[in-house]
Protein chains: 2
Amino acid sequence: MLAALEANPIRFRPVETRAEASRTAVGPLRNFSKDEEIFAEGDDTDVFYKVVSGAVRTYKLLSDGRRQIDAFHLAGEIFGAEAGAEHRFTAEAIGDVSLVCYRSRSIDTLSYDNPALARDVLGATMEALARAQEHMLLLGRKSAVEKVATFLLGLAERTTSGGAVDLPMARIDIADHLGLTIETVSRSLTQLERQGVIAVPANRRGIVLKDRAALRRLRA
Amino acid sequence: MLAALEANPIRFRPVETRAEASRTAVGPLRNFSKDEEIFAEGDDTDVFYKVVSGAVRTYKLLSDGRRQIDAFHLAGEIFGAEAGAEHRFTAEAIGDVSLVCYRSRSIDTLSYDNPALARDVLGATMEALARAQEHMLLLGRKSAVEKVATFLLGLAERTTSGGAVDLPMARIDIADHLGLTIETVSRSLTQLERQGVIAVPANRRGIVLKDRAALRRLRA
DNA sequence: CGCATGATTGATGAGGATCAAGCAGAGTGG
DNA sequence: CCACTCTGCTTGATCCTCATCAATCATGCG
């Protein structure tokens with residue numbers, strides 16, 4: 001699906017500004033460290049990205065600081081390709097992250113210039129839209145436990161892991177993704193653990209899915 | 001933006017089944033009456049649509065009947081163009097509706113076949129994604145009154161009306177779009193009316209925006 | 001070890017859901 | 001033209017889920 005993107009990363013440019021000093025650019029890769037901003041709402045959409053390793057969050061803010069994380073982007077996933085001239089959300093590294101970046105052309109010319117890339121961007125955009133629609137159902141109509149169960153299963157499917165799912169993001173990120181508070185996320189996890197559906201290791205940074213069938217039932 | 005679509009409507013096919021008898025197809029147009037299903041979740045994505053007149057709702061259901069309307073589609077807007085082989089949501093006519101339909105090809109071939117159409121579909125998809133992201137912020141993080149204020153302003157902008165905004169959809173549709181109940185939608189409208197920000201005519205099927213600045217402030 | 005940070009747990013409260021009437025407009029039929 | 005009814009909307013009373021406020025606990029780090 002995304003093969004064409006491999007052929008078109010933008011050329012490496014030397015690091016110049018202080019703000020970029022922490023990024024180690026190797027070839028076309030750019031590295032970001034924990035909580036570093038990749039782009040902000042309002043920035044030019046001159047570049048979009050594919051995650052090589054690590055995880056990225058994209059979010060929007062209300063004026064009073066309320067935050068909605070619309071998606072987490074894991075290895076292999078594209079983000080930042082948008083219709084307008086300005087990004088409509090902010091992207092930050094969740095931990096240390098490596099990205100490939102692509103020069104983003106106007107969609108008016110892209111289709112003629114490079115149909116293979118256009119196809120990949122269209123595919124990625126449609127995939128993102130499908131996820132967004134699924135997530136609206138979650139945000140608008142699911143209970144707290146249903147939200148958390150859905151989130152865990154979705155993450156497990158995307159990382160194709162066995163029983164153990166890595167949680168690269170903090171509770172506050174999960175909360176702001178699911179439209180909850182950290183306390184409610186924590187209580188929901190505790191409840192699932194007490195029901196024997198999951199297990200949470202001591203460092204709290206992962207989840208073991210003990211009973212996927214039960215989780216699927218709880219997902220609604 | 002959508003000019004290329006005009007060039008590619010699918011050919012008219014005679015109405016055949018009883019289920020389709022109520023539709024009067026004139027040239028490439030298809031007409032649907034109130035609450036009629038246009039396509040269902042799981043149907044083949046062989047055709048997508050543009051609204052000529054009327055309004056369409058697209059939604060998803062949970063197994064127990066909870067519904068989330070992900071979008072309303074008004075005149076001029078495209079819906080039903082998706083990545084997979086099956087529609088991921090259901091589309092219904094809100095009132096009487098006229099649609100143009102387009103044969104939907106695989107996105108793999110679309111980019112090469114017809115770059116202009118590919119560009120339009122990509123543009124429409126990115127636009128839908130941007131709206132979905134904005135809507136996730138609403139669903140996850142806004143209060144009831146903020147949701148209703150945002151909805152009214154958004155509708156007013158899209159229909160480029162003066163003070164009066166037509167509400168083609170019922171309260172239950174608004175509720176299922178905003179992640180609320182009809183009662184809460186009604187109470188929020190009443191509250192806005194008491195504050196002098198809007199007025200609701202006797203037939204309840206429209207809204208007069210009396211004070212847009214106040215609405216914008218309430219939108220958060 | 002002591003501190004900082006993030007997670008969990010507990011107590012309380014508020015916003016919105018639910019349950020239950022009541023109301024008004026638009027049709028319908030007499 | 002006027003009851004009568006149906007449907008959708010509004011309003012009121014109560015309940016419940018989740019937010020908020022407040023400790024407490026655990027982990028990791030200097």
Side-chain angles (χ1 to χ4, degrees), chain A residues 33-35 57 62 64-68 94-96 138-152 166-195 198-207 218 220, chain B residues 33-35 57 62 64-68 94-96 138-152 166-195 198-207 218 220:
Chain A
S33 49
K34 184 172 157 61
D35 293 330
R57 61 177 168 253
L62 293 176
D64 64 359
R66 280 174 284 175
R67 184 177 70 153
Q68 177 64 40
I94 287 175
D96 291 355
L138 176 150
L139 289 171
R141 288 295 178 228
K142 290 192 184 182
S143 73
V145 171
E146 289 168 350
K147 285 176 176 181
V148 171
T150 306
F151 174 70
L152 293 178
D166 182 47
L167 286 185
M169 70 293 289
R171 296 289 186 273
I172 182 70
D173 289 332
I174 300 174
D176 283 350
H177 183 50
L178 301 180
L180 299 170
T181 59
I182 46 175
E183 293 93 332
T184 300
V185 170
S186 185
R187 279 185 247 270
S188 301
L189 288 171
T190 302
Q191 181 181 331
L192 292 173
E193 193 170 22
R194 271 204 270 266
Q195 293 175 4
I198 64 171
V200 185
N203 70 359
R204 313 270 96 186
R205 271 324 184 102
I207 298 284
L218 286 168
Chain B
S33 49
K34 183 171 157 62
D35 295 329
R57 61 177 168 253
L62 293 176
D64 64 358
R66 279 174 284 174
R67 184 177 69 154
Q68 177 64 41
I94 287 175
D96 292 354
L138 176 148
L139 290 171
R141 288 294 177 228
K142 291 191 183 181
S143 73
V145 172
E146 288 168 352
K147 286 176 176 182
V148 170
T150 306
F151 174 71
L152 293 177
D166 182 45
L167 285 185
M169 70 291 290
R171 297 289 186 273
I172 183 68
D173 289 332
I174 300 174
D176 283 350
H177 183 50
L178 302 180
L180 299 170
T181 60
I182 45 175
E183 292 94 331
T184 300
V185 170
S186 185
R187 280 186 246 270
S188 301
L189 288 171
T190 303
Q191 180 182 332
L192 292 172
E193 193 170 23
R194 271 204 270 266
Q195 293 174 5
I198 63 171
V200 184
N203 70 0
R204 314 269 95 187
R205 274 321 185 102
I207 298 284
L218 286 168

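Atom set for the values below is all heavy atoms of this structure, side chains included, hydrogens, waters and symmetry mates excluded. Note that the coordinates shown come from a computational prediction; the quantities given were computed from them, not determined experimentally. Lettering of chains follows the sequences in order, A, B, ..., and the numbering in each one begins at 1.
At least one side-chain nitrogen or oxygen of A:Arg204 sits closer than 4.0 Å to the OP1 or OP2 atom of C:dT8. In terms of phosphate contacts, B:Arg171 brings a side-chain nitrogen or oxygen within less than 4.0 Å of OP1 or OP2 of D:dT10.
Of the candidates D:dT10, C:dT9, C:dT8, the closest approach to any side-chain atom of A:Thr190 belongs to C:dT9.
For A:Lys142 (side chain) and A:Lys147 (main-chain N/O), no donor-acceptor pair under 3.5 Å exists by modelled atom type. Remark: the backbone N or O of B:Leu138 is not paired with any side-chain donor or acceptor of B:Glu146 at under 3.5 angstrom. A:Ser188 places a side-chain N or O within donor-acceptor distance of the main-chain N or O of A:Thr184, the cut-off being under 3.5 Å.
The separation between A:Leu189 atom CG and D:dA26 atom P is 18 Å, rounded to whole Å. When the C1' atom of C:dT8 is taken as reference, atom CZ of A:Arg205 falls 15 Å away, rounded to whole Å. When rounded to the nearest whole Å, the span between CG of A:Leu178 and C1' of D:dT17 equals 16 Å. Between the CD1 atom of A:Ile182 and the P atom of C:dT8 there is a distance of 9 Å, given to the nearest Å. A:Gln191 places its CD atom 12 Å from the P atom of C:dT9, with the value rounded to the nearest Å.
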Query - Residues B:Thr190, B:Val200; criterion side chain to side chain contact (heavy atoms under 4.5 Å, CB included); working and verdict - result: CA-CA 9 Å; B:Thr190 303; B:Val200 184; over 6 Å; no
Report summary line: Scoring nucleotides 16-25 of chain C by protein non-hydrogen atoms under 4.0 Å (B base, S sugar-phosphate only, - none) yields SSBB-----S
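Comment: B:Asp35 engages B:Arg57 in a salt bridge, judged by a side-chain N to carboxylate O separation of less than 4.0 angstrom. In summary, B:Arg141 and A:Asp176 engage in a salt bridge, as defined by a charged side-chain N under 4.0 Å from a carboxylate O.
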